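Below is one structure; the comments refer to it alone.
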Amino acid sequence: MIEIKYKNATGWNEFMQNVYKQIADNLIAWYPEHARDLPWRKDKEPYHVWLSEIMLQQTRVEAVKEYYRTFLQELPTIEALAEVDDDRLMKLWEGLGYYNRARNLKKAAGEVVIEWQGNFPAEYDEILSLPGIGEYTAGAIGSICFDLPTPAVDGNVLRVYTRVMEDPSNIDKQAVKKKIREELLQVYRYGHCDMLTQSLMEVGATICLPNGAPKCEVCPLQELCKAHKHDSWQQYPVREAKKKRKVEEKAVLMLRYEDKVAIRKRTEKGLLHGLWEFPNLPGSYSTQEILSYVTSKNLHPKEIWMETTYTHIFSHVEWHMKAFYMECMEQQAKDLRWVTLEELKQEIAIPSAFAPFKDLLNSGA
DNA sequence: AAAGCGGGGTA
DNA sequence: TACCCAGCTTT
């Protein structure tokens with residue numbers, strides 16, 4: 001990039017306008033040859049793009065692919081989504097995380113059917129009004145499906161932008177995202193809004209990597225990237241410091257009765273709410289204490305035949321769990337549901353935190 | 001503005 | 001181990 005001093009704001013504005021024009025030109029020339037072949041890029045059907053964007057929130061492409069395929073196979077239309085049973089919905093989302101995304105998806109589907117007569121809204125503010133859709137997702141759907149000049153500013157785009165511009169702003173600040181979205185309008189003014197959104201994210205995901213050195217030698221924005229010019233990519237983007245996690249101890253009860261195992265539904269609020277789990281207690285206990293507890297629930301346990309531990313790490317909390325496997329001679333405890341391993345597999349949504357204990361059941365327990 | 005919300009890949 | 005990922009909603 002040529003460094004030129006300008007005597008007035010008009011000169012500077014013209015200079016920046018050329019930079020934005022070049023970004024747009026380079027991205028549009030680059031994208032068709034370098035775009036990954038992803039399942040949700042086969043068409044611009046709003047339902048497909050919407051579903052993919054929701055699944056991709058804070059979630060990697062590779063993790064989403066199979067869920068996306070299965071979900072659409074079972075719920076091929078917005079109408080089908082609007083009517084799906086909640087337990088079935090959670091089963092389709094099982095293991096993907098951030099389960100409110102799925103609940104909001106169904107809620108929004110209902111709004112599309114009722115308030116929009118089944119036609120996905122085509123204006124930014126209308127899209128933004130749907131549950132689970134924020135400024136990023138509304139911008140992505142708007143630009144990809146309807147060619148609206150609505151920049152989609154996600155983690156990829158923030159990384160690419162702050163490096164190209166050597167922008168030291170803290171990207172966790174709301175105002176900074178807003179500023180960058182407005183700056184990008186200068187790129188989107190040249191049209192091809194669909195490709196601009198896709199290509200900015202594609203550069204972030206495949207070239208200007210979130211971890212490790214960027215592949216500047218093959219980057220379409222290399223010639224105008226300040227961080228490349230100064231080899232300063234490691235300084236961008238600037239983010240908020242992370243908070244440390246708290247640790248919680250849990251005792252997990254793996255109760256068998258004949259060919260069934262005990263599960264219960266989590267409460268309707270908080271972490272993993274509404275999903276199923278194996279009954280568990282907060283805290284740390286001895287084998288004897290666990291036996292006494294289960295006995296007090298009139299479950300008549302035989303001996304505990306296996307104990308195993310597992311640590312599950314969430315973003316904000318860590319569960320240190322110890323599971324106790326035992327056979328019971330009764331199954332009368334309130335709040336417990338007894339299901340076969342087949343039902344567990346086909347119908348019950350269990351969060352990944354408990355999956356290792358479930359897997360041990362399947363492998364011959 | 002800050003906190004809560006999942007799970008997994010990567011260096 | 002720490003960081004990040006095609007973020008949104010609630011407090």
Side-chain angles (χ1 to χ4, degrees), chain A residues 35-36 38-41 48-68 90 93-105 107-108 127-144 150-160 170-178 181 194 196-206 208-214 234 236-246 266 269-275 277 310-319 349-356:
Chain A
R36 289 167 295 175
L38 301 174
W40 43 90
R41 286 179 174 166
H48 298 166
V49 174
W50 169 39
L51 175 63
S52 73
E53 291 299 344
I54 299 299
M55 285 186 164
L56 286 161
Q57 287 169 5
Q58 297 293 288
T59 310
R60 294 167 189 279
V61 165
E62 285 310 313
V64 166
K65 283 181 178 172
E66 187 60 19
Y67 285 92
Y68 177 81
M90 286 303 105
W93 212 265
E94 181 186 42
L96 195 55
Y98 286 141
Y99 298 90
N100 269 338
R101 293 185 293 177
R103 302 176 203 280
N104 282 330
L105 207 50
K107 199 181 301 177
I127 301 169
L128 183 62
S129 76
L130 294 170
I133 296 184
E135 292 178 339
Y136 159 75
T137 305
I141 297 173
S143 55
I144 293 172
T150 51
V153 180
D154 72 334
N156 288 313
V157 177
L158 288 167
R159 187 171 56 256
V160 172
N170 181 342
I171 62 165
D172 289 320
K173 299 292 182 189
Q174 204 170 289
V176 171
K177 288 177 188 163
K178 179 179 163 67
R181 202 167 61 246
D194 163 30
L196 288 173
T197 287
Q198 301 265 31
S199 61
L200 276 168
M201 293 194 289
E202 196 73 1
V203 167
T206 65
C208 206
L209 306 173
N211 49 333
Q234 278 182 303
Y236 306 95
V238 172
R239 304 205 66 164
E240 210 82 59
K242 302 281 183 274
K243 290 169 285 286
K244 60 177 283 198
R245 287 185 290 268
K246 58 182 172 185
R266 291 180 63 80
K269 282 201 163 189
L271 185 63
L272 302 168
H273 67 89
L275 278 74
E277 66 180 0
Y310 170 66
T311 294
H312 188 83
I313 300 173
F314 300 92
S315 314
H316 57 300
V317 63
E318 220 172 291
W319 283 356
I350 300 260
S352 294
F354 297 99

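Remember, it's a predicted structure, so these values are computed and weren't measured experimentally. Quick note on labels: first sequence line is chain A, next is B, and so on, each numbered from 1.
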Base, sugar-phosphate or nothing for E62(A)? Non-hydrogen atoms, less than 4.0 Å.
nothing
- request: Select base, sugar-phosphate, or nothing to describe what G204(A) touches, counting heavy atoms under 4.0 Å on all strands.
  value: nothing
Just checking N100(A): base, sugar-phosphate only, or nothing, at a heavy-atom cut-off of under 4.0 Å? nothing
Under 4.0 Å, heavy atoms only, any strand: does W40(A) hit a base, just the sugar-phosphate, or nothing? base
> Counting any heavy atom closer than 4.0 Å, what does R159(A) reach on the DNA or RNA strands: base, sugar-phosphate only, or nothing?
Replying inline: sugar-phosphate
Practice problem: Would you indicate what G155(A) reaches in the nucleic acid, counting non-hydrogen atoms under 4.0 angstrom: base, sugar-phosphate, or nothing? | Solution: sugar-phosphate
Using a 4.0 Å heavy-atom cut-off, does V157(A) contact any base of the nucleic acid, only the sugar-phosphate backbone, or nothing at all?
nothing
R159(A) and C208(A) have their tightest heavy-atom pair at NE-O, 2.6 Å
Taking only side-chain N and O atoms of K243(A), does any of them lie within less than 4.0 angstrom of OP1 or OP2 on dA2(B)? no
Original post:
Would you call the rings of Y310(A) and H312(A) parallel, tilted or perpendicular, where under 30° means parallel and over 60° means perpendicular?
Top reply: tilted
Legend entry - Modelled atom types, side-chain donor and acceptor of Q57(A) and R101(A), under 3.5 Å: no
For this session: Looking at every strand, decide which applies to L96(A) at a 4.0 Å heavy-atom threshold: base, sugar-phosphate, or nothing.
Result: base
Reckon F314(A) touches a base, only the sugar-phosphate, or nothing at all at heavy-atom distances under 4.0 Å?
sugar-phosphate
Between G97(A) and G212(A), the residue closer to the 5' end of DNA chain B by nearest nucleotide is G97(A)
5'-most contact on DNA chain C (nearest-nucleotide basis), K107(A) vs L38(A), goes to L38(A)
Which is true for T137(A) with a 4.0 Å heavy-atom rule: it touches a base, it touches only sugar-phosphate, or it touches nothing?
sugar-phosphate
Base, sugar-phosphate, or nothing for R266(A), non-hydrogen atoms under 4.0 angstrom? nothing
